[in-house]
Amino acid sequence: MSADPNCIFCKIVAGQIPALRVFEDDGTLAFLDIGPLAEGHMLVVPKEHYARVEDMPPDRMAALARHFPRFVRAVTRVTSAEGCNLLLNNERVAGQEVPHVHWHVIPRSAADGLGFRWKPTKYATGRGEVVQQLVKDALL
Ligand code: 5GP
Ligand code: ZN
């Protein structure tokens with residue numbers, strides 16, 4: 001299994017540094033974030049080192065993602081949350097500080113004050129269709 005000796009999450013996977021682990025199987029580890037945005041804030045990581053989401057083989061992604069319904073059910077129940085955000089920061093420009101791919105599971109409640117920055121824009125006339133075609137072609 002590939003690991004990066006300089007990676008803090010690889011060290012957590014290997015048990016070289018402590019973490020409050022809540023779940024693991026052959027390929028996936030979930031543990032509590034050391035700086036939680038809310039109680040129960042979890043991180044979910046593949047045990048192998050992949051820096052970014054697009055580095056993950058699809059079967060590893062599927063094996064990890066299948067756990068999300070259970071994780072969300074458990075963490076929202078024990079924290080009495082009303083919902084949660086599943087968040088992945090991909091690359092530094094998007095807020096990724098630890099370059100080992102990880103999902104945040106963040107319990108939310110109406111009174112948590114966290115808010116959500118979401119600033120919708122609009123496509124200029126015809127631009128949506130151009131972007132649609134570009135993405136469709138890139139997926140071929
Ligand atoms: P990112 O900004 O890369 O999406 O999120 C990195 C997250 O990892 C942060 O929320 C931060 O609190 C958490 N984190 C960083 N170092 C450690 C650590 O050593 N242990 C744990 N449990 N969480 C960490
Ligand atoms: Zn790593």
Side-chain angles (χ1 to χ4, degrees):
M1 188 173 290
S2 63
D4 178 334
N6 299 312
C7 170
I8 192 140
F9 288 174
C10 284
K11 289 181 185 166
I12 288 175
V13 167
Q16 291 163 358
I17 63 171
L20 298 173
R21 303 159 88 103
V22 296
F23 173 87
E24 73 180 292
D25 67 8
D26 288 352
T28 301
L29 175 67
F31 54 96
L32 298 187
D33 194 297
I34 203 168
L37 296 186
E39 198 162 282
H41 179 168
M42 291 165 49
L43 300 175
V44 183
V45 304
K47 286 187 167 178
E48 307 94 334
H49 182 85
Y50 303 109
R52 304 169 302 174
V53 73
E54 61 268 43
D55 299 327
M56 285 185 74
D59 62 326
R60 291 293 313 115
M61 171 68 86
L64 184 150
R66 63 188 289 279
H67 297 301
F68 279 126
R70 254 180 96 213
F71 291 165
V72 168
R73 225 177 282 125
V75 82
T76 54
R77 190 173 69 239
V78 302
T79 61
S80 302
E82 298 157 61
C84 71
N85 288 117
L86 293 188
L87 177 70
L88 182 143
N89 297 325
N90 208 47
E91 299 279 18
R92 178 159 283 279
V93 70
Q96 185 179 13
E97 290 183 359
V98 178
H100 178 131
V101 68
H102 54 280
W103 280 258
H104 296 258
V105 181
I106 306 166
R108 297 298 308 265
S109 64
D112 63 22
L114 286 174
F116 195 65
R117 202 173 54 158
W118 192 264
K119 290 171 60 182
T121 61
K122 276 190 168 29
Y123 287 111
T125 306
R127 183 64 188 163
E129 289 74 10
V130 171
V131 175
Q132 175 191 27
Q133 198 56 51
L134 287 169
V135 176
K136 284 175 72 173
D137 290 347
L139 287 170
L140 291 176

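Numbering of ligands and ligand atoms starts at 1, following listing order. Worth knowing before you read on, the calculation uses all heavy atoms, side chains too, and leaves out hydrogens, waters and symmetry mates. For the single chain, residues carry numbers from 1 onward in sequence order.
Around atom CD of Glu39, no more than 12 heavy atoms belonging to other residues, nucleotides or ligands sit under 6.0 Å away. For Tyr123, the OH atom is loosely surrounded, since the number of other residues' heavy atoms within 6.0 Å does not exceed 12.
Regarding atom 15 (C) of ligand 1, its nearest protein heavy-atom neighbour is Val98 CG2, 4.1 Å. Regarding atom 2 (O) of ligand 1, its nearest protein heavy-atom neighbour is Gly95 O, 2.7 Å. In this structure, the protein non-hydrogen atom closest to atom 22 (N) of ligand 1 is Leu32 O, 2.9 Å. In this structure, the protein non-hydrogen atom closest to atom 1 (P) of ligand 1 is His102 NE2, 3.1 Å. The protein heavy atom nearest to atom 19 (O) of ligand 1 is Ile8 CD1, 3.6 Å. Closest to atom 11 (C) of ligand 1 among all protein heavy atoms lies Asp33 OD1, 3.4 Å. Counting protein heavy atoms only, atom 3 (O) of ligand 1 is closest to Glu97 N, 2.6 Å.
Which parts of ligand 1 touch Leu43 is read off a 4.0 Å heavy-atom cut-off, strictly below it: atoms 8 (O), 13 (C), 23 (N). Those atoms of ligand 1 that come under 4.0 Å of a heavy atom in Phe31, given as number and element, are 21 (C), 22 (N). Near His104, with a cut-off below 4.0 Å to any heavy atom, the atoms of ligand 1 are 1 (P), 4 (O), 5 (O), 7 (C), 10 (O). With ligand atoms numbered from 1 in the order given, ligand 1 contributes 1 (P), 2 (O), 4 (O) to contacts under 4.0 Å with heavy atoms of Asn89. Ligand 1 places these atoms under 4.0 Å from at least one heavy atom of Gly35: 12 (O).
Closest to the Zn ion (ligand 2) among the N, O or S atoms of His100 is ND1. Nearest to the Zn ion (ligand 2), among the N, O or S atoms that His49 has, is ND1.
Of the angles at the Zn ion (ligand 2), the one spanning SG of Cys10 and SG of Cys7 is 120° when given to 10°.
In this structure a side-chain-to-backbone donor-acceptor pair under 3.5 Å is present from Glu82 to Ala110. In this structure, the side chain of Arg52 does not engage the main chain of Pro99 through any donor-acceptor pair within 3.5 Å. Between the side chain of Asn85 and the backbone N or O of Leu87 there is no donor-acceptor pair closer than 3.5 Å.
Here CD1 of Ile17 is found 7.5 Å from CD1 of Ile34. Values are rounded to the nearest 0.5 Å.
Note on ligand 1: Ile12 sits in its first shell, one or more heavy atoms being nearer than 4.0 Å. Under the 4.0 angstrom criterion for non-hydrogen atoms, Ala19 is not in contact with ligand 1.
Within the 4.5 Å cutoff, no side-chain heavy atoms of His102 are placed close to those of Asn89. Side-chain contact between His104 and Leu43 is present, with at least one heavy-atom pair separated by less than 4.5 Å. Between His67 and Asp25 the shortest side-chain heavy-atom distance falls below 4.5 Å. Side-chain contact between Tyr50 and Arg60: present, with at least one pair of heavy atoms (C-beta onward) separated by less than 4.5 Å. Side-chain contact between Phe68 and Trp103 is present, with heavy atoms from C-beta onward closer than 4.5 Å.
In terms of polar-atom proximity, Gln96 is not counted as a contact of ligand 1, lacking any N or O under 3.5 Å from an N or O of the ligand. Where the criterion is an N or O separation shorter than 3.5 Å, residue side chain and backbone included, Ile34 meets it with respect to ligand 1. Annotation: His41 places no N or O atom under 3.5 Å from an N or O atom of ligand 1; distance criterion only.
With a heavy-atom cut-off of 4.0 Å, Phe9 touches ligand 1 through its side chain alone. Using a 4.0 Å cut-off between heavy atoms, Leu87 makes no contact with ligand 1 at all.
Taking every heavy atom of both residues into account, Ile12 and Pro18 meet most closely at CG1-O, 4.4 Å.
Between the side chains of Asn90 and Glu54, a donor-acceptor pair is found at a separation under 3.5 Å.
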